[in-house]
Amino acid sequence: MTSGTVNAAASGTWLLGDLKVNRIGFGAMRLTGSAAFHQGAPSDRGQAIAVLRSAVELGVNHIDTAAFYFSRLRSANELINSALAPYPDDLVIATKVGPARDTSGEWTDSARPDQLRGQVEENLRQLGRDYLDVVNLRIMGQRSISEHFGVLAELRDAGLVRHLGISNARPEHLAQAQAIAPVVCVQNRYGIDAPIGEEMIRECATRGIAFVPFFSIAGQGREAGAVLTEHDEVRAVARAHGVSPAQVRLAWILHQGAHVLAIPGTGAPDHLVDNVAAGALRLTAEELELLDSIGRTAP
């Protein structure tokens, strides 16, 4: 790491249960290829491993992954295992269960409650861990998650999982989960051009729960991994600071509350350094007001 490189610690810290993490983390989905899942060209294995190791060197100690993050030639969990095991003591790896893909990569019906243990054990096997730091239940349209979350709570009690979270959730899901076991994080889509679910951000702040948005950089590109047309407001703020639009998007996310964490993903070393540097970018009140206006106007 060069003297001018920003460390992830510049973003500040938050607790996932009893686990302290820097607020800039890393999302592993894009490690498997040029786009999510089976789309695009496969990633370069050596480069993906180098990016993971560089992330840790830059102070990233919160990595988000899942066993269903795989492409024809790459598995995010396997790459993490190969790159980082034996794992640093302060590294927190969060994974997700619920969605399911068959061996050909096709999406299948989401997991029933009785299938969740198998998904947890698959993540353990792939990561080479005795327990998982954080497991998020990815909600797949269920009105009630009590039965699913109850199974994860049992696995937590059995020592296979340390902490629990939920993803793609509404406030009523958070209430259902909290009635069963503590929730340390909520992962929902959120960004400058997707300012939906602000009620959940406020609810998490009130309860001291981390809010972990995904697609913060990709915006409308979602799994495709790119903002198709960047907003003039984002470009203007980026020019004023001499930074990339991606940094502005991440800095805006971090300004939404001390409990808000960012997990940008990339397979490119230069993008990794750029993303981590967003943790040191401070936006003015006027710039935040300008960026906030995006959610109230057409892109």
In Å, rounded to the nearest 0.5 Å, how long is the span from CD of E230 to OG of S244? 9.5 Å

Would you say I93 ends up clustered with L160 if hydrophobic residues are merged whenever their side chains have heavy atoms under 4.5 Å apart, either directly or through other cluster members? yes

Can you list the residues that meet the salt bridge (charged side-chain N to carboxylate O under 4.0 Å, His left out) rule with E287, with sequence neighbours excluded? none

Test side chain to side chain contact (heavy atoms under 4.5 Å, CB included) on V92 and N61 and set out the steps. CA-CA 6 Å; V92 175; N61 57 5; 5.9 Å; no

W14 and R23: which non-hydrogen atoms are nearest, and at how many Å? N-CG, 4.3 Å

Tell me whether M140 is reachable from V135 by hopping between hydrophobic residues (I, L, V, M, F, W, Y) whose side-chain heavy atoms are closer than 4.5 Å. no

For R112, which residues count as a salt bridge (charged side-chain N to carboxylate O under 4.0 Å, His left out) partner, sequence neighbours excluded? D114

Find out whether V276 and V60 are in side-chain contact, i.e. whether some heavy atom of one side chain is under 4.5 Å from a heavy atom of the other. yes

The side chain to side chain donor-acceptor pair (under 3.5 Å) partners of D133 (sequence neighbours excluded) come to R129

Should we count CG of D102 as having more than 12 external heavy atoms under 6.0 Å? yes

For L288, which residues count as a side chain to side chain contact (heavy atoms under 4.5 Å, CB included) partner, sequence neighbours excluded? W252, H255, L283

My understanding is that only residues two or more places apart in sequence, or in another chain, count here; which of them pass side chain to side chain donor-acceptor pair (under 3.5 Å) with T266? none

Looking at side-chain heavy atoms only, is the closest gap between S75 and Q126 below 4.5 Å? yes

Y69 OH to T95 OG1 distance, which is reported to the nearest 0.5 Å: 8.0 Å

If you round to the nearest 0.5 Å, how far is CG of L84 from CG of L79? 10.0 Å

Expected list for residues 148-159: side-chain donor-acceptor pairs under 3.5 angstrom, two or more places apart:
residue, atom, partner, partner atom, Å
H148, NE2, A111, O, 3.0

Are any side-chain N or O atoms of Y87 and backbone N or O atoms of L127, one a donor and one an acceptor, separated by less than 3.5 Å? yes

Kindly give the heavy-atom pair with the smallest separation between H259 and I201, and that separation in Å. NE2-O, 3.0 Å

Between CD1 of I24 and CD1 of I263, what distance do you get to the nearest 0.5 Å? 10.5 Å

Could you go through the side chain to side chain contact (heavy atoms under 4.5 Å, CB included) check for I253 and Y190 one step at a time? CA-CA 8 Å; I253 283 290; Y190 190 77; 3.7 Å; yes

Distance col, row L164:CG vs L16:CG, nearest 0.5 angstrom, shows 12.0 Å

Residue set satisfying side chain to side chain donor-acceptor pair (under 3.5 Å) with N22, at least two apart, ordered chain then number -> none

Who pairs with D232 by salt bridge (charged side-chain N to carboxylate O under 4.0 Å, His left out), at least two apart in sequence or on another chain? R235

Report yes if the side chains of L58 and T5 come closer than 4.5 Å at any heavy-atom pair, otherwise no. yes

Filter on salt bridge (Lys or Arg N to Asp or Glu O under 4.0 Å), then keep only pairs touching residues 78-96, sequence neighbours left out; what's left? R45-E78, D64-K96

In L19, L91, T13, L261, the residue satisfying side chain to side chain contact (heavy atoms under 4.5 Å, CB included) with H62 is L261

How about R162 and V134: do any of their side-chain heavy atoms sit closer than 4.5 Å? no

Closest heavy-atom pair, C204 versus A210, reported as atoms and distance to 0.1 Å, is SG-O, 4.3 Å

With clusters defined by side-chain heavy atoms of hydrophobic residues (ILVMFWY) lying less than 4.5 Å apart, directly or transitively, does F215 cluster with F68? yes

Answer yes or no for R101 and W107: cation-pi contact, defined as NZ/CZ to six-membered ring centre under 6.0 Å and angle to ring axis within 45°. yes

Answer yes when E121 and R117 have at least one side-chain N-carboxylate O distance shorter than 4.0 Å, and no when they do not. yes

For S11 and A8, which heavy atoms make the closest approach, and how far apart are they? OG-O, 2.6 Å

Basic-acidic side-chain contact under 4.0 Å: R202, E199: no

Taking the side chain as every heavy atom from C-beta outward, state whether H231 and I294 have any pair of such atoms under 4.5 Å apart. yes

When the side chains of residues 165-186 are checked against the rest of the protein, which donor-acceptor pairs come out under 3.5 Å, sequence neighbours left out?
residue, atom, partner, partner atom, Å
S167, OG, R138, NH1, 3.2
S167, OG, Q187, O, 3.1
N168, ND2, I139, O, 3.0
R170, NE, E172, OE2, 2.5
R170, NH2, E172, OE2, 3.3
H173, ND1, R170, N, 3.0
H173, NE2, Q142, O, 2.8
Q176, OE1, I145, N, 2.8
Q176, NE2, R143, O, 3.2
Q178, OE1, V183, N, 2.7

L52 and I63, any side-chain heavy atoms less than 4.5 Å apart: yes

Among all residues two or more places apart in sequence or in another chain, which pass the side chain to side chain donor-acceptor pair (under 3.5 Å) test with Q256? none

Are any of the side-chain heavy atoms of L31 and F26 separated by less than 4.5 Å? yes

Minimum-distance pair of heavy atoms, taken over all atoms of N7 and E57: ND2-O, 4.1 Å

Taking a hydrophobic cluster as the set of Ile, Leu, Val, Met, Phe, Trp and Tyr residues connected by side-chain heavy atoms closer than 4.5 Å, whether directly or through intermediates, do V212 and V260 fall within one such cluster? no

Salt bridge (charged side-chain N to carboxylate O under 4.0 Å, His left out) partners for E203, two or more places apart: R207

When you measure from the side chain of T65 to the backbone N and O of A76, does any donor-acceptor pair fall under 3.5 Å? no

Tell me whether I80 shares a hydrophobic cluster with V56, the cluster being built from Ile, Leu, Val, Met, Phe, Trp, Tyr side chains joined at under 4.5 Å. yes

Which atom of A278 lies closest to which atom of L254, heavy atoms considered: O-CD1, 4.3 Å

Any luck finding a side-chain donor-acceptor pair between Q247 and D274 under 3.5 Å? yes

Out of curiosity, E289 CD to E286 CD, how far, rounded to the nearest 0.5 Å? 7.5 Å

Check: N188 and F211 side chains under 4.5 Å, non-hydrogen atoms: yes

